[in-house]
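The structure appears below as structure tokens.
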Amino acid sequence: MTGQMTVPGALTTDLYEVSMVLAYLREDMTGEAVFSLFVRKLPPDRGFLVAAGLESALSYLEGLRVGASEAAAFAEALHRPVEDLEPMRGLEFTGEVRAVPEGRIVLAGEPLLEVTAPLPQAQLAETCLLNQLSHQTAVASKAARCVLAAGGRPVVDFSLRRTHGVEAGLRMARLGALVGFAGTSNVAASAAYGIPAVGTMAHSFVEAHEDEEAAFRAFARAHPGPVTFLVDTYDTEEGVRTAARVLRDLGYGPGCAVRLDSGDLGELAVRARRILDGAGLEEVRIVASGGLDEHGVDRLVRSGAPIDTYAVGTRVGVSADAPYLDSAYKLVAYEGRPVMKLSAAKVTAPGAKQVFRGPDFADVVALRDEAPPPGAEPLLETVMSGGRRVAAPATLAAARERFEADLARLPEEARRVVDPVPPEPVASEALSRLTAEVGHRIAERVLGGRTAGG
């Protein structure tokens with residue numbers, strides 16, 4: 001399909017993953033391992049995260065295979081004879097994945113995904129899984145806050161020209177649609193995912209004509225349906241007056257709009273609304289763009305600015321205020337033995353897990369086989385078994401429904417754009433007890449009874 005993203009392969013990994021996998025294979029360490037992928041803490045100004053990236057991660061795992069060309073590339077990177085990489089040839093993913101479905105709201109410390117597979121397979125997948133889930137969860141969470149800030153007004157994606165690459169632009173458009181955006185300027189994303197395509201004109205179109213009126217009339221001749229005129233190339237108020245004159249002369253009204261892209265958007269929107277209403281064009285909408293994200297949208301909405309649609313771009317497409325997540329992919333069990341990391345500020349909890357969601361996001365991080373607390377539901381579902389999906393890829397519409405359902409239940413203080421307060425999950429008694437036992441065992445065996453960092 002046009003614009004569909006490519007699926008990364010086995011070479012999409014860090015070199016140290018290859019080094020470890022080769023050592024595991026040579027030592028015959030191929031037992032069952034469990035790795036947990038989670039976000040340690042939320043970025044500032046975040047009350048929640050939106051799980052995203054699972055579908056592309058599963059596509060990667062289904063196609064993960066080390067063939068002759070991959071082995072040769074690994075050998076060259078390691079400066080080793082290709083024969084040394086022979087143990088890796090034929091390696092493919094045959095394991096199980098349990099994950100939080102796309103669109104669900106998650107919190108810090110909760111597994112987004114757990115992989116259970118032979119140790120070399122699960123290890124090789126680390127880099128790409130972190131890449132897919134971390135980036136997309138960060139962007140989806142930023143976009144979701146824009147939807148909240150707009151308070152029911154349409155939000156559209158204008159980010160493609162400044163995202164970090166074409167595929168990042170495709171992902172942004174998809175993730176925006178997942179959390180409720182009304183459309184995208186990205187034609188490839190529209191074709192690939194069925195997202196409504198939206199757009200206006202650039203300042204260059206106005207500049208190429210003798211004056212604004214000539215530009216607007218030419219644009220209307222080329223597009224007989226509803227049109228949107230960009231009115232701030234020279235003088236915004238004069239541009240609105242010219243747009244109003246052209247729209248009225250041509251008999252255009254419902255569905256048409258003017259776009260404000262610079263200056264004091266709130267004050268200019270008030271003046272634009274006054275001019276349009278004075279011309280009898282009450283149904284002509286006002287679109288605002290130009291460096292907006294959830295903070296700018298929130299300020300404009302709170303000020304009462306008469307803006308009908310918000311177009312967000314650069315700041316949202318790159319999640320400018322929080323461009324990364326403090327995510328990790330950690331071994332939590334090997335051959336049935338719970339394991340954990342004790343490094344200061346980076347302690348991990350051992351064992352395969354489940355997250356149970358109670359009313360008002362009273363989440364409990366528990367061991368995988370624990371019974372759910374009364375009234376709670378499990379978040380992680382089995383999505384892959386034997387290296388293959390257990391069901392067809394989830395649709396964008398289904399992910400959006402999950403998001404909307406979770407958002408409706410999210411506490412108000414977590415939904416706030418300014419100074420949100422995220423819910424804090426707690427560990428179950430069984431997980432807390434196992435964590436203490438494994439930590440004590442490691443301290444006795446490895447640290448000689450000393451505590452970590454002591």
Side-chain angles (χ1 to χ4, degrees), residues 13-14 16-17 20-21 24 29 31-43 49 51 53-54 57 95-100 106-134 137-138 324-356 363-370 378-380 422-454:
T13 191
D14 288 312
Y16 83 142
E17 311 285 11
M20 287 188 287
V21 168
Y24 289 148
M29 293 181 65
E32 183 178 272
V34 181
F35 281 81
S36 184
L37 193 157
F38 59 96
V39 177
R40 289 192 181 95
K41 61 181 180 180
L42 300 186
L49 297 173
L54 176 62
E96 175 192 79
V97 178
R98 297 164 56 253
V100 178
V106 293
L107 307 172
E110 299 180 344
L112 285 152
L113 171 149
E114 286 201 334
V115 170
T116 303
L119 180 58
Q121 299 175 22
Q123 187 74 68
L124 188 63
E126 174 181 8
T127 298
C128 194
L129 292 179
L130 278 168
N131 175 279
Q132 297 296 300
L133 271 71
S134 300
T137 297
Y324 70 93
L325 294 176
D326 183 14
S327 55
Y329 178 89
K330 296 301 179 184
L331 181 68
V332 295
Y334 179 59
E335 292 189 323
R337 173 173 55 90
V339 301
M340 65 184 294
K341 181 178 177 180
L342 292 182
S343 301
K346 291 189 176 181
V347 175
T348 57
K353 299 174 187 66
Q354 180 58 273
V355 179
F356 295 110
D363 288 7
V364 177
V365 181
L367 294 173
R368 173 176 179 169
D369 296 328
E370 286 190 61
L379 293 190
L380 277 77
E424 294 189 8
V426 299
S428 70
E429 289 185 12
L431 177 58
S432 297
R433 185 165 54 250
L434 180 65
T435 301
E437 291 171 357
V438 174
H440 178 74
R441 186 193 72 208
I442 294 173
E444 288 293 320
R445 189 183 74 245
V446 179
L447 303 177
R450 295 179 291 113
T451 58

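Atom set for the values below is all heavy atoms of this structure, side chains included, hydrogens, waters and symmetry mates excluded. Source: prediction; values computed, not measured.
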Sorted by first residue and then second, give each salt bridge (Lys or Arg N to Asp or Glu O under 4.0 Å) pair with at least one member in residues 114-124; sequence neighbours left out. R98-E114

Of all the heavy-atom pairs spanning V21 and P120, show the shortest one and how long it is. CG2-O, 3.4 Å

Heavy-atom nearest pair, V365 first then P111, reads CG1-CD, 4.4 Å

Which residues satisfy the salt bridge (charged side-chain N to carboxylate O under 4.0 Å, His left out) test with E126, sequence neighbours excluded? none

If you look at every heavy atom in P43 and L49, which pair is closest and at what distance? CD-CD2, 4.4 Å

If you round to the nearest 0.5 Å, how far is CZ of F356 from CG of D363? 11.0 Å

State which residues pass salt bridge (charged side-chain N to carboxylate O under 4.0 Å, His left out) with D326; sequence neighbours excluded, sorted by chain then number. R40

Any pair counted as side chain to side chain donor-acceptor pair (under 3.5 Å), so long as it reaches residues 328-337, sequence neighbours left out: none

Considering residues at least two apart in sequence or located in another chain, which fulfil the side-chain contact (heavy atoms from CB on, under 4.5 Å) criterion with P422? L42

Not counting sequence neighbours, which residues clear side chain to side chain donor-acceptor pair (under 3.5 Å) with N131? List them please. none

Sequence neighbours excluded and cut-off under 3.5 Å, please list the side-chain donor-acceptor pairs for residues 428-437, or say none.
residue : atom : partner : partner atom : Å
S428    : OG   : E370    : OE1          : 3.4
S428    : OG   : E370    : OE2          : 2.6
S428    : OG   : L431    : N            : 3.1
S432    : OG   : S428    : O            : 3.0
T435    : OG1  : L431    : O            : 2.8

State which residues pass side-chain contact (heavy atoms from CB on, under 4.5 Å) with A51; sequence neighbours excluded, sorted by chain then number. V100, V106, L112

Side-chain contact test, heavy atoms from C-beta onward, threshold under 4.5 Å: evaluate it for R368 versus T116 and give yes or no. yes

Return yes if some donor-acceptor pair links the side-chain N/O of E32 with the main-chain N/O of G336 below 3.5 Å, else return no. no

Listed by chain and number, what are the side chain to side chain donor-acceptor pair (under 3.5 Å) partners of E17, not counting sequence neighbours? Q123, T127

Spacing of CG belonging to L113 relative to CG belonging to L133, to within rounding of 0.5 Å: 6.0 Å

For a quick test of reading the model, state the closest non-hydrogen atom pair linking A333 to V339 and the distance between them. N-CG2, 3.7 Å

Testing the basics here: between L380 and Q354, what is the closest heavy-atom pair and its distance to 0.1 Å? N-OE1, 2.9 Å

Measuring from atom NE2 of H440 to atom CZ of R445, what distance do you get when rounded to the nearest 0.5 angstrom? 11.5 Å

Side chain to side chain donor-acceptor pair (under 3.5 Å) partners for S134, two or more places apart: S327

Using the side chain to side chain contact (heavy atoms under 4.5 Å, CB included) rule, take L119 and F35 through it: C-alpha gap first, then chi angles, then the decisive distance, then the call. CA-CA 9 Å; L119 180 58; F35 281 81; 3.9 Å; yes

Give the minimum heavy-atom separation between L129 and A57, together with the two atoms involved. CD2-CB, 3.7 Å

